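All of these numbers come straight from a predicted model, not from anything done at the bench. Values below: every heavy atom of this structure, side chains too, minus hydrogens, waters and symmetry copies. First listed ligand is number 1; within each ligand, the first listed atom is number 1.
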Amino acid sequence: MVKEKDGKAWKARVKGKLRIDGDISSTNPIAVGDNIIFDVDDELEGTGTIREINERHNYMIRVSPHNKNQKHIIASNLDLALVIATIASPRTSQGFIDRFLLTAEAYHIPAAVVFNKADVLKEKHKLQLAEWTKMYQDAGYKVYSMVALDPASVRPLMADLEGRTTLFSGHSGVGKSTLINQLIPDIALRTQEVSDYSGKGQHTTTFAEMFDLPFGGRIIDTPGVKEFGLIDLKREELAHYFPEMKKRLNDCRFNNCLHLNEPGCAVKEAVASGDLHGDRYLSYLSIMDTIERKW
Ligand SMILES: Nc1nc2c(ncn2[C@@H]2O[C@H](COP(=O)(O)OP(=O)(O)OP(=O)(O)O)[C@@H](O)[C@H]2O)c(=O)[nH]1
Ligand SMILES: [Mg+2]
Ligand SMILES: [Zn+2]
């Protein structure tokens with residue numbers, strides 16, 4: 001579906017040969033958030049053909065974990081990318097969150113972390129939430145904690161969405177659509193019926209879609225993803241996508257330091273002193289390992 005600036009919606013098809021500025025090979029030629037040039041086919045029926053996609057300011061991209069040639073553009077022209085995570089029901093891993101944040105850094109999209117379902121947490125989960133909140137805040141990210149069904153807990157996030165185009169991403173069942181229903185009261189998106197998470201990971205949202213916020217701004221709801229496959233990275237650029245490492249790179253003795261075993265490494269010193277969270281460094285090592293194996 002294509003929407004005009006004034007809000008009018010059109011049913012759109014794609015022309016055989018589509019011109020895309022700054023073409024990248026992806027499984028989807030057009031992504032939610034794209035600005036396009038469009039020819040009207042039938043005014044009454046409200047149909048038309050997409051002729052051209054304007055250059056994207058940015059985009060979030062995911063690689064199929066099974067086939068690195070399959071890249072999928074999740075959404076484009078974003079002001080903010082949110083990873084909606086849950087400590088439990090379902091559990092979101094740190095690796096998933098870190099891969100999402102890293103991709104956002106690599107594609108110049110401001111990102112933040114939303115921990116939802118704060119109401120279902122056991123004591124050990126609450127400790128985990130407190131720990132991760134501090135870890136991501138220290139890394140430089142804004143962190144929200146909420147219960148999507150409770151309007152008061154959603155309000156701090158609401159204020160930051162105003163006037164922006166924001167992507168909601170995360171595993172299936174974390175409450176992305178529930179949260180959007182809370183933000184846009186008359187929208188009634190389909191959400192998973194059983195509130196007791198079955199763990200089967202059925203996808204309720206099946207395609208990405210953009211919605212206007214009543215207080216200004218837009219939100220993109222997406223289907224849940226199991227894994228967040230990374231785009232090709234070079235070993236030496238990886239640390240640039242961890243903000244808390246990036247700010248320390250100039251203090252490493254060697255300017256080609258990979259922060260592995262080099263002497264005088266400011267990143268490792270910060271880990272040793274507790275200024276940089278050890279689990280974020282482990283995440284760095286784990287991603288570095290996957291890059292090395294690819295070569
Ligand atoms: N207890 C509790 N349940 C929640 C909360 N937020 C959402 N849920 C429930 O979790 C289930 C899944 O929510 P959805 O909004 O459908 O999840 P989703 O992220 O959109 O899932 P997909 O569309 O499959 O990607 C629903 O039954 C919601 O009612 C919350 O904060 N607390
Ligand atoms: Mg959904
Ligand atoms: Zn170093």
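The CZ atom of Phe215 lies 5.5 Å from the CG atom of Leu183; values are rounded to the nearest 0.5 Å. To the nearest 0.5 Å, the span separating CD on Glu55 from CG on Asp34 amounts to 11.5 Å.
For a distance bound of 2.8 Å, the N, O or S atoms of Ser177 include one lying that close to the Mg ion (ligand 2). At least one N, O or S atom of Thr205, from either the backbone or the side chain, sits less than 2.8 Å from the Mg ion (ligand 2).
Of the charged side-chain nitrogens involved, none lies within less than 4.0 Å of a carboxylate oxygen, so that Lys176 and Asp221 do not count as a salt-bridged pair.
At a cut-off of 3.5 Å, with distance as the only test, no side-chain donor of Asn77 or Tyr59 sits close to an acceptor on the other residue.
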**OP:** Quick one: do Thr191 and Ser177 satisfy side-chain hydrogen bond (donor to acceptor under 3.5 Å, both in side chains)? Show the steps, please.
**Re:** CA-CA 6 Å; Thr191 60; Ser177 301; over 6 Å; no

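Each of the following atoms of ligand 1 lies closer than 4.0 Å to a heavy atom of Gln192: 11 (C), 12 (C), 16 (O), 26 (C), 27 (O). Near Val174, with a cut-off below 4.0 Å to any heavy atom, the atoms of ligand 1 are 17 (O), 19 (O). Those atoms of ligand 1 that come under 4.0 Å of a heavy atom in Val120, given as number and element, are 1 (N). Heavy-atom contacts of Thr178 reach the following atoms of ligand 1: 6 (N), 7 (C), 13 (O), 14 (P), 15 (O), 28 (C) (cutoff under 4.0 Å). Taking every heavy atom of Thr204 and a limit of under 4.0 angstrom, the matching atoms of ligand 1 come to 22 (P), 23 (O), 24 (O). Atom numbering of ligand 1 starts at 1 in the shown order; those under 4.0 Å from a heavy atom of Pro223 are 25 (O). The distance from ligand 1 to the heavy atoms of Ala148 drops below 4.0 Å at these ligand atoms: 6 (N), 30 (C), 31 (O).
By the criterion of a heavy-atom distance under 4.0 Å, the side chain of Asn116, and not its backbone, is placed next to ligand 1. At a heavy-atom cutoff of 4.0 Å, ligand 1 is contacted by the side chain of Asp119 but not by its backbone.
When the shell of 6.0 Å around CZ of Arg280 is examined, it contains more than 12 heavy atoms from other residues, nucleotides or ligands. Within a 6.0 Å radius of NZ in Lys8, more than 12 heavy atoms belonging to other residues, nucleotides or ligands are found.
Scanning Gly175, Gly224, Gly173, Ser177 for the heavy atom closest to atom 21 (O) of ligand 1 points to Gly173.
The name of the N, O or S atom in His259 nearest to the Zn ion (ligand 3) is ND1.
Under the 30°/60° scheme for interplanar angles, the aromatic rings of Phe242 and Tyr284 are found to stand perpendicular. Between Trp132 and Tyr136, the ring planes are perpendicular. Angles over 60° get that label, and only those under 30° would be called parallel.
To the nearest 10 degrees, the angle centred on the Zn ion (ligand 3) between SG in Cys265 and SG in Cys257 reads 110°.
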